[in-house]
Amino acid sequence: GSKRALASRSPAGIAAALLMVALALAGCKSKPKKRPLPRVETRFADAGPPPKTVRPLRIQVPALPAQLNPLLGSADIWCHRISMHNIFEALVRRDGDSAGKAGSERVVPHLARSFEWSENRRRLRFALRRDVYFHDGRPMTADDVVYTIERLLRRKSVNQLLRQRLRVVRNVREVSEGVVELWLAKVDSNLPRVLADVAIMPAHRYKRQGLASAQINRFPIGTGPFRFAPSADPNTLVLARNDSYWGAAPELSRVVFRAIPDPARTLPALRNNDIDVISELYSGYYPKHVKAERFKERFALERLHPYRLRVLLFNLRRPILADRRVRLAVLRGINRPQILRSLRGDLGQLLSAPIWPLSSWYDRTLHPRTLDRKAAGKLLDRAGWRRGKGGRRWRLDRPLKLRILRARGDTPRRVADAIVKDLAAMGIQSGVDIADFGFFPTLLRKGRFDLAVMGLALDHGGHLTHGWGVSIT
């Protein structure tokens, strides 16, 4: 069958069109300093003597996160990047060797030494490692696992998106010392992949104040290979090697994240040896500056996996958008190449399907639909929406109006504003509704939108719907 047929129509009635994917082609680093970044996945090995101390690795970030709890439903992607897998860890991890291969990405034990399904696949049992300690010296136990998952499952969860992804879990309990079992409402083979995103939190620190405690989350304590180290400089965040780590000791003694919000200042800082890594290349530098011979002599440009997709969702519950001709007209009338260039310059890619472009599922022989407002107008005419007074489109006595839902932030604002302008050129009236990031998934599930602009930051091997809690058409 065609790779376009990804899923059947969902109860939520959502269709997706890829606006663009902004590739993080973005890492520039000094060539002589080939120290690795904080590990995203740690190897299984007995902890040996720590490596000899080297100068800290200094990484530029656009802004420092306000807190370092990766479980909070926050739009702060750098909180998750810095804390997850470095300060905090999960019961399982995705196997990097198989990531991106269609149908072959494995999930392997991490803080759990093993996990197994029951015969009917309605129970998932984890046997925990006994050599894992939090940074304050307290051992990780089943109590920490149960506490973390139970708090995420609560109605007033600190992360509604993660709660939705865990919705099949009906109960979690310790069945014997060091063994935790999850009871499921129905079979869900994707659950281990979801649990790879659930950082296990120290129950003894959070029980009294809760996972959302600002004071605790500014000074996090996890089980990871790096621990939080206070810094006197308000523009830096420091991670220090955890010399008591249960696994292989990190090669770096310290990692310093330095906030440089102005992207135009990042390359000069790299040239002046103030930083070692630019986390995301400023589009104004590409390709002219980074392809110069002097640049190539001193620095290396790393192509990273795409980390963020921008998606336009259509609500099929709306009678107007249930008509495929209207959806195609909207898609053909939006100037996606221009939106992409305004956001990322040459550091982006238009997609033909809601799949990561580096995945083997992605069909590179398919091409995104091109901008064609004449064709869009004909589609709307056939659907009965004809231009009337002022160039606006009407059907009988009803104007063609659409509401666009977006999250807060500069990028969602710019994308939504561009879409409003393009829709107006087609005679479609539109307006924008703004939602906080934590409330955004709830509005999607309840269908309280016509069009929605959404950014997704998922692992490159995953299916997009893992981040929505819905299926797509």
Between CG of D188 and CZ of R167, what distance do you get to the nearest 0.5 Å? 7.0 Å
Please report the interatomic distance OG(S430) to CG(L402), rounded to the nearest 0.5 Å. 7.0 Å
Side chains of P62 and P261 in contact at under 4.5 Å (non-hydrogen atoms): no
So does D144 get a backbone contact from the side chain of T148, meaning a donor-acceptor N/O pair under 3.5 Å? yes
Counting only heavy atoms from other residues, nucleotides and ligands, does the tally under 6.0 Å from CZ of R413 exceed 12? yes
Quick one: are L152 and V169 in side-chain contact, heavy atoms under 4.5 Å? no
Does this structure show an ion pair linking K421 with D417, if we count only N-O contacts that are shorter than 4.0 Å? no
Taking the side chain as C-beta and beyond, is there a heavy-atom pair between D197 and R165 under 4.5 Å? yes
Min side-chain heavy-atom separation Q60-R258 under 4.5 Å: no
Heavy-atom side-chain contact between R310 and T411 under 4.5 Å: yes
Determine, step by step, whether L312 and V453 satisfy the side chain to side chain contact (heavy atoms under 4.5 Å, CB included) criterion, reporting the C-alpha distance in whole Å, the side-chain angles of both residues, the deciding distance to 0.1 Å, and the verdict. CA-CA 5 Å; L312 179 65; V453 175; 4.2 Å; yes
Going through the distances and angles, do L380 and I428 end up as a side chain to side chain contact (heavy atoms under 4.5 Å, CB included)? CA-CA 10 Å; L380 291 173; I428 302 174; 4.1 Å; yes
CZ on R327 to CG on L321, rounded to 0.5 Å: 7.5 Å
Taking all non-hydrogen atoms of both residues, which atom of G447 and which atom of N315 are closest, and how far apart? O-ND2, 2.8 Å
Below 30° counts as parallel, above 60° as perpendicular, anything between as tilted: where do the rings of H85 and H80 land? perpendicular
Between CZ of R93 and CG of L195, what distance do you get to the nearest 0.5 Å? 15.5 Å
Could you pull out the closest heavy-atom pair between R408 and R406, with the gap in Å? CA-NH1, 3.8 Å
Is the backbone of L184 close enough, under 3.5 Å, to the side chain of R122 for a donor and an acceptor to pair up by distance? yes
Note: R324 and R369 closest approach over all heavy atoms is NH2-NH2, 3.9 Å
Between R448 and L405, is any pair of side-chain heavy atoms under 4.5 Å apart? no
Is there a side-chain contact between I320 and R398, using heavy atoms and a 4.5 Å cut-off? yes
Picking from R445, Q160, M454, what satisfies side chain to side chain contact (heavy atoms under 4.5 Å, CB included) with F440? M454
Minimal non-hydrogen separation, A407 against P412, with atom names: O-CB, 3.4 Å
Indicate whether any N or O donor in one side chain lies under 3.5 Å from an N or O acceptor in the other, for D363 and T365. yes
Start with the C-alpha distance between I419 and I339, add both sets of side-chain angles, then the distance that settles side chain to side chain contact (heavy atoms under 4.5 Å, CB included), and finish with yes or no. CA-CA 9 Å; I419 293 175; I339 296 174; 4.3 Å; yes
Given the options K401, R318, R403, D450 meets side-chain hydrogen bond (donor to acceptor under 3.5 Å, both in side chains) only with R318
Please examine the side chains of F257 and L239, heavy atoms only from C-beta on, and report whether any two atoms are closer than 4.5 Å. yes
Between CD1 of I334 and CZ of R373, what distance do you get to the nearest 0.5 Å? 9.0 Å
Looking only at side-chain N and O atoms, does Y206 offer a donor or acceptor that is under 3.5 Å from a partner on N217? yes
In sequence, state the C-alpha distance, the side-chain angles, and the governing distance for V326 and F314, and then conclude on side chain to side chain contact (heavy atoms under 4.5 Å, CB included). CA-CA 10 Å; V326 176; F314 296 85; over 6 Å; no
With L237 as reference, evaluate L68, V61, I59 under the side chain to side chain contact (heavy atoms under 4.5 Å, CB included) test and give the passing residue. L68
Kindly give the heavy-atom pair with the smallest separation between N69 and C79, and that separation in Å. O-SG, 3.5 Å
State the CZ-CG distance between R387 and D381, to the nearest 0.5 angstrom. 8.5 Å
Do side-chain atoms of D422 reach the backbone of N335 as a donor and acceptor pair under 3.5 angstrom? yes
N159 side-chain N/O to L71 backbone N/O, donor-acceptor pair under 3.5 Å: yes
Using modelled atom types and a 3.5 Å cut-off, is there a donor and acceptor pairing between side-chain atoms of R163 and backbone atoms of L153? yes
Candidate pair N120 and S118, rule side-chain hydrogen bond (donor to acceptor under 3.5 Å, both in side chains), full reasoning: CA-CA 6 Å; N120 65 0; S118 63; 2.7 Å; yes
Donor-acceptor contact below 3.5 Å, side chain R393 vs main chain M426: yes
Where is the tightest heavy-atom contact between R218 and A66, given as atom of each residue plus distance? CG-O, 3.7 Å
